[in-house]
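Structure first, commentary second.
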Amino acid sequence: PGTEPASHFDAVIVGAGFSGLYMLHRLRRLGLSVRVYEAGGDLGGTWYWNRYPGARCDIDSMNYSYSFSHELEQEWKWTERYATQPEILSYLNHVADRFELRQDIQFETRVTATVFDEATNRWAVQTDGGAHVSARFVIMATGCLSATKVPDFKGLDTFQGTRLHTSRWPHEGVDFTGQRVGVIGTGSSGIQVIPIIAEQASHLFVFQRTPTFSVPARNAPLDPAYESRMKETYAEYRRKARETRAGVIMEVNPKSALEVSPEERERAYQARWEVGGTSFLATFSDVMANRDANETAAEFVRSRIRATVRDPAVAEALCPRDYPLGTKRICVDTHYYETFNRDNVTLVDVRASPIEELTPTGIRTRSAEYALDCIVFATGFDAFTGALFNIDIQGRANASLKRKWADGPRSYLGLSIAGFPNLFTITGPGSPSVFGNAIVSIEQHVEWISDCITYLREHRLECIEATAQAEDEWVSHVKEVAGRTLYPLANSWYIGANIPGKPRVLLPYAGGVGAYRKKCEAIAAQGYEGFTLTRAGEAFST
Ligand code: NA7
């Protein structure tokens, strides 16, 4: 950029989290002019916003990191098995410094609209700061869990105390000492923040609608021997991880949970429970595939809850029953269930007695009123589509993405959308991103997109766009694979059930990270099969 602010870019990237930062790095290496717009005051995306106490990744730190730079992965030192939010944020800042990324990012700027101009084959991009720029390519690195959700409770704005959302936590932190606090929500965010607030608050009320399955994290300082072993074989390890179902290497027991004796089953679950973390799901080969097998794992977790929580009625209320284990993302906790043994913690079952309204002084359920100084919403996100719909995206003939996706998202590979040329989504609906280690998917998407842009340049092509037929086939395939899983049995954000009125569609692709990668590679190798490629003035489909 010269002295005048540039208004034409090769690419605009929306978002400066894990996806946007790596996308910027790759496109700059191709020599493209790039501008990143980021709504937050600084980089980090998920790890910028989710600053609530106890926020950690549920994938272990040696896996939840970039693999694209050998030097980076060798020089960075994680301190714990599961990294905290501040540590992941400092890692991303280190990455930004190391690859000099900041200069192309404009913070505190939200993209409000982007419209495709068929005359010039360019996107016009508008921001809330009043900028109007144009770009050949637009890459949505907006994240699948970034648009926060606060339920539309009656009286929401009348509450006079402090109202917080886990994903919009004040940077200066919050001191709950001496306060009566209510937490609404018991998903991953709730189960992480609840034990910590309980240690500070005079009283904590946990408003639980659906009990969650949670396995212990068994977090610990990173073992230096493990770290050096991993670093010695990192390249090979990462290569193998990319081929797995979930982007992480897990020892999957090849046996069925139903073929072994009850004693062997119990021993196997207990062993994984002791190790901690999500590999509990791989205790048997069919835990995530067969309802009866799944029930044996679910019952094991319930037995652990009963063994941990002293009050039998509270323990029963904490036991999930109405969905298979793992079909809502399994939680990974540190002393979550134990927290309910504290005298200053009360579990409020809002399934039995729903929240009717917020009042100036607290929360009123159907059967009781709770006086509170602070309400923490751990109520999650409008996943996958929320952040995209917050932008007015218009493709050919000013067709709006929101209208196109009214009955559920439609894309080709979760990367590209018919009628929206040169627009890419990273971890978009129809991609496997959130099943397992998101970073593996993010790197794969970014590399696929940058290879695609390289291909267009080398072949002097101006536009790439998914064909309607390829999109239809992908949407059917995603749906067909979803139908073979247990995921549709839960009311989760995976399936849009947490947002009133949202179409019930399994948003991520459940066919596995490794298989998906192979498909994407094959499509590219065949000259971008299923896409229409346009040389200025002419078009041809492959
Ligand atoms: P989640 O997993 O969507 O959890 C949200 C929680 O909030 C969940 O327990 C919900 O209960 C509860 N909730 C939502 N709306 C209400 C209302 N109206 N009343 C009572 N309770 C409500 O969000 P998280 O932030 O915890 O985690 C999201 C992902 O981030 C996580 O899966 C990881 O991948 C990282 P419900 O189950 O809907 O009955």
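Indexing begins at 1, ligand by ligand and atom by atom, following the structure's order. Only heavy atoms go into these numbers, but all of them, side chains included; no hydrogens, no water, no symmetry mates.
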Assert yes or no for the condition that the ring centre distance of Phe300 to Trp273 is strictly below 6.0 Å.
yes
Run the ring-centre check on Tyr22 versus His445 and record whether the distance is less than 6.0 Å.
no
Could you pull out every protein residue that has a heavy atom closer than 4.0 Å to ligand 1, ordered by chain and then number?
Leu145, Lys149, Pro151, Phe153, Ile184, Gly185, Thr186, Gly187, Ser188, Ser189, Arg209, Thr210, Lys328, Arg329, Ala378, Thr379, Gly380, Phe381, Trp493
Taking atom types as modelled, find out whether Asn50 and Gln85 have a side-chain donor-acceptor pair closer than 3.5 angstrom.
no
Hey, would you say the Tyr91 and Trp78 ring centroids sit under 6.0 Å apart?
yes
Strictly by modelled atom types, are Ser433 and Thr427 linked by a side-chain donor-acceptor pair under 3.5 Å?
no
By ring pair (Phe, Tyr, Trp, His ring centres under 6.0 Å) - contacts of Tyr48 (at least two apart):
His171
